[in-house]
Asks: 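Dropping a structure here in structure tokens format, bear with me for questions.
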2 protein chains.
Amino acid sequence: MNILLVEDEPKVADFIRKGLQEQLHPVELAYDGLFGEKLALENEYDLVILDVILPGISGLELCRRIRRFKPDLPILLLTALGSTKDKVAGLESGADDYLVKPFHFDELLARVKALGRRRLLTSPGVQYRIADLEVDGYKKTVRRAGKEIILTAKEFSLLELLIVNKNRVLSRTHIAETVWGINYDRGTNLIDVYINYLRSKIDKGFTPTLIHTVIGMGYVLKEE
Amino acid sequence: MNILLVEDEPKVADFIRKGLQEQLHPVELAYDGLFGEKLALENEYDLVILDVILPGISGLELCRRIRRFKPDLPILLLTALGSTKDKVAGLESGADDYLVKPFHFDELLARVKALGRRRLLTSPGVQYRIADLEVDGYKKTVRRAGKEIILTAKEFSLLELLIVNKNRVLSRTHIAETVWGINYDRGTNLIDVYINYLRSKIDKGFTPTLIHTVIGMGYVLKEE
DNA sequence: ATCTTCCACCAATAGTATGTTCATGTCGAG
DNA sequence: CTCGACATGAACATACTATTGGTGGAAGAT
């Protein structure tokens with residue numbers, strides 16, 4: 001899930017960004033409201049996390065502006081203030097959810113997941129299986145025919161995307177945006193390379209093969 | 001917190017499972033009493049949620065059976081019956097708490113949290129083991145291959161977290177929050193250093209090694 | 001008070017796996 | 001046969017992690 005984080009305190013920003021990246025979400029960061037607005041409007045994020053206290057324009061104002069042009073984009077507000085009045089103000093600005101700092105990171109993750117599910121319908125982070133391949137998004141493990149397979153973070157992220165959308169052809173563009181982030185735009189065959197890595201780890205030596213190329217369109221994970 | 005849910009109505013089961021997973025609890029599901037009993041006795045859960053009305057054996061009977069072998073395992077009963085008599089019957093069967101359907105999910109969550117906390121606080125005698133490593137959460141002792149190993153407080157706390165979540169990849173963020181408390185400071189490699197301390201004490205010179213790095217994601221304690 | 005010891009923590013450096021690119025090889029369609 | 005599209009292997013760069021030495025402070029001993 002592509003996430004835009006607007007937070008001016010470097011330490012907090014870093015903490016949140018790293019935590020989300022450890023869950024394999026691509027994260028982009030804006031240090032002030034104006035830049036945040038620019039990014040939010042120019043790109044297609046799945047979620048925006050906004051600090052209320054920002055230099056430039058306030059989080060609430062930014063929230064309203066984003067909401068005006070992107071009514072469906074989920075917005076999560078962060079703030080140090082915890083009064084009911086603040087919460088109401090936040091929600092009235094169009095935020096979908098509200099989290100008071102300091103928070104336990106798991107709490108943030110839970111809300112991120114909840115907001116993400118609203119538009120994706122599928123939520124990575126649970127268990128998936130196809131044929132004799134099992135992917136556990138919680139433990140971050142992969143097994144084929146009962147045997148554990150070790151993947152790197154990027155490989156896992158790619159496989160998770162494929163298995164969540166099994167039987168559906170995924171374009172390279174879509175894969176790039178989901179796994180590598182919004183602003184991925186290199187003229188290389190990086191995705192092909194990673195598909196190749198995955199194949200050698202989860203398909204080589206097993207039947208049936210699960211990763212299929214659809215020429216001109218992209219890749220699918222399916223049986224047969 | 002690992003949760004076992006025994007519930008035969010698929011809709012209700014799904015509702016509860018999804019809600020709990022959103023809070024990042026791993027949930028396993030049994031659709032009848034016998035299978036529930038098998039799972040409960042064979043695995044290490046932190047909490048069992050039981051429907052009273054079940055095919056096979058009843059929830060009350062199941063509760064008694066589990067209680068016989070796992071006196072410390074928290075059990076939460078769910079039922080459509082709301083009379084005092086029913087509640088008493090449930091609690092007398094050894095359940096720790098009782099919730100009448102239909103309920104608001106927040107209510108369930110609150111109880112789940114409460115039972116979880118109780119277990120963490122009053123968890124004397126919790127012993128964990130993986131391969132030839134034994135950790136006694138009560139005596140605060142650690143042994144590998146029968147030989148006692150002396151750890152400092154922080155080291156023990158870290159090891160305890162790892163072994164409670166064995167086979168699951170733990171992110172640095174999660175580790176930082178659990179062992180060191182909420183802190184935004186990821187500017188140092190303190191966690192890496194403590195992992196290194198632990199490795200030198202419990203892995204060095206032994207096979208198999210138990211602490212594994214998952215680059216980009218965190219660390220796991222597991223065999224293999 | 002002072003000394004000693006141990007623990008928690010930090011920072012710099014060395015080390016390694018991963019991420020990325022590029023050149024080349026293969027395959028099928030037309 | 002030729003082209004486009006994809007697969008593959010290897011080389012390179014980067015990012016992440018391991019390791020070690022050192023600092024400071026707290027607790028206990030003298």
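Just so you know, these numbers use all the heavy atoms, side chains as well, and skip hydrogens, waters and symmetry mates. Just so it is clear: chains get the letters A, B, ... in the order the sequence lines come, proteins before strands, and each one is counted from 1.
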Asks: Return the nearest nucleotide to the side chain of B:Arg199; candidates are C:dT21, D:dA18, C:dT20.
Replies: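 In terms of side-chain proximity for B:Arg199, the closest of C:dT21, D:dA18, C:dT20 is D:dA18.
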Asks: State plainly whether the residues A:Glu7 and A:Lys101 are in salt-bridge range, i.e. N to O under 4.0 Å.
Replies: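 So A:Glu7 pairs with A:Lys101 through a salt bridge.
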Asks: What's the CD1-P distance between B:Ile191 and C:dA8, to the nearest Å?
Replies: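 Answer to the nearest Å: 15 Å.
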Asks: Looking at B:Tyr219, I'd like to know whether one of its side-chain N or O atoms comes within less than 4.0 Å of OP1 or OP2 on D:dA18.
Replies: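 Yes.
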Asks: Ignoring hydrogens and geometry beyond distance, is the side chain of A:Asp192 in donor-acceptor contact with the base of C:dT21 at under 3.5 Å?
Replies: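 A donor-acceptor contact between them is absent.
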Asks: Whole Å only: how far is the CE atom of B:Met217 from the P atom of C:dT18?
Replies: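 For the pair B:Met217 CE and C:dT18 P, the rounded distance is 10 Å.
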Asks: Distance check: side-chain N/O of A:Asn196 vs OP1/OP2 of D:dA7, anything under 4.0 Å?
Replies: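 No.
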Asks: Whole-Å distance between C:dT20 P and A:Ile195 CD1?
Replies: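 Answer to the nearest Å: 14 Å.
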Asks: Thinking salt bridges, do A:Glu44 and A:Lys70 make one under a 4.0 Å N-O criterion?
Replies: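 A salt bridge is present here (some side-chain N lies under 4.0 Å from a carboxylate O).
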Asks: Check the distance between D:dA18's C1' and B:Ile211's CD1 and give it to me in whole angstrom.
Replies: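 B:Ile211 atom CD1 is separated from D:dA18 atom C1' by 13 Å.
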Asks: Is the closest basic N to carboxylate O distance between A:Asp192 and A:Arg172 below 4.0 Å?
Replies: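 Counted as a salt bridge, because a side-chain N and a carboxylate O are separated by less than 4.0 Å.
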Asks: Check the distance between C:dT18's C1' and A:Leu158's CG and give it to me in whole angstrom.
Replies: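 It is 15 Å, rounded to the nearest whole Å.
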Asks: Report yes if a side-chain nitrogen or oxygen of B:Trp180 is closer than 4.0 Å to either non-bridging phosphate oxygen (OP1 or OP2) of C:dC9; otherwise report no.
Replies: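 Checking C:dC9 against B:Trp180, a side-chain N or O does come within under 4.0 Å of OP1 or OP2.
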Asks: From the list C:dC9, C:dT20, D:dC16, which nucleotide is the closest neighbour of the side chain of B:Ile215?
Replies: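 When the side chain of B:Ile215 is considered, D:dC16 is the closest of C:dC9, C:dT20, D:dC16.
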Asks: Can you tell me which nucleotide in D:dA18, C:dT18, C:dC22 comes closest to the side chain of A:Thr152?
Replies: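 Closest nucleotide among those given: C:dT18.
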Asks: As a test of reading the structure: which of D:dC6, C:dA11, C:dA8 is closest to the side chain of A:Arg172, going by heavy atoms?
Replies: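 Among the listed nucleotides, the one closest to the side chain of A:Arg172 is D:dC6.
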Asks: Measure from CD1 on B:Ile175 to C1' on D:dT17 and round the result to the nearest Å.
Replies: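 In whole Å, D:dT17 C1' and B:Ile175 CD1 are 13 Å from each other.
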Asks: Check this for me: does the side-chain of B:Tyr197 come within 3.5 Å of the base of C:dC9 through a donor and an acceptor?
Replies: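 Yes.
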Asks: Quickly work out the A:Lys204 NZ to D:dG9 C1' distance and round it to whole Å.
Replies: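 Checked: the NZ to C1' distance equals 11 Å.
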Asks: Below the 4.0 Å mark, does D:dA18 have OP1 or OP2 next to a side-chain nitrogen or oxygen of B:Thr213?
Replies: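 B:Thr213 to D:dA18 OP1/OP2: side-chain N or O found under 4.0 Å.
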Asks: To the closest 0.5 Å, what do you measure between NZ (A:Lys140) and CE (B:Met217)?
Replies: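 A:Lys140 atom NZ to B:Met217 atom CE measures 6.5 Å (nearest 0.5 Å).
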Asks: Both A:Gln21 and A:Val193 contact DNA chain D. Taking the nearest nucleotide for each, which residue is further toward the 5' end?
Replies: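 Going by which nucleotide is closer to the 5' end, it is A:Val193.
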Asks: I'd like to know if the side chain of B:Asn165 and the backbone of B:Arg168 have a donor-acceptor N/O pair within less than 3.5 Å.
Replies: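 Not at all, since once roles are kept as given, no pair shorter than 3.5 Å links the two residues.
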Asks: Rounded to the nearest 0.5 Å, what's the gap from CG on A:Leu47 to CD1 on A:Ile3? Could you check?
Replies: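 If we round to the nearest 0.5 Å, A:Leu47:CG and A:Ile3:CD1 are 5.0 Å apart.
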Asks: Send over the distance from A:Leu198 CG to C:dT18 C1', rounded to a whole Å.
Replies: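 The distance from CG of A:Leu198 to C1' of C:dT18 comes to 14 Å, rounded to the nearest Å.
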Asks: Any N or O donor-acceptor pair under 3.5 Å from the base of C:dT20 to the side chain of A:Asn189?
Replies: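 Between C:dT20 and A:Asn189, which were checked side chain against base, a qualifying N/O pair under 3.5 Å is absent.
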Asks: Using heavy atoms to find the nearest nucleotide of DNA chain C for B:Ala153 and A:Leu190 separately, return the residue whose nucleotide is more 5′.
Replies: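 First, find each residue's nearest nucleotide; the 5'-ward one identifies B:Ala153.
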Asks: If you find the nucleotide of DNA chain C closest to B:Ile150 and the one closest to A:Glu155, which residue's nucleotide is nearer the 5' end?
Replies: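 By nearest-heavy-atom nucleotide position, the 5'-most residue is B:Ile150.
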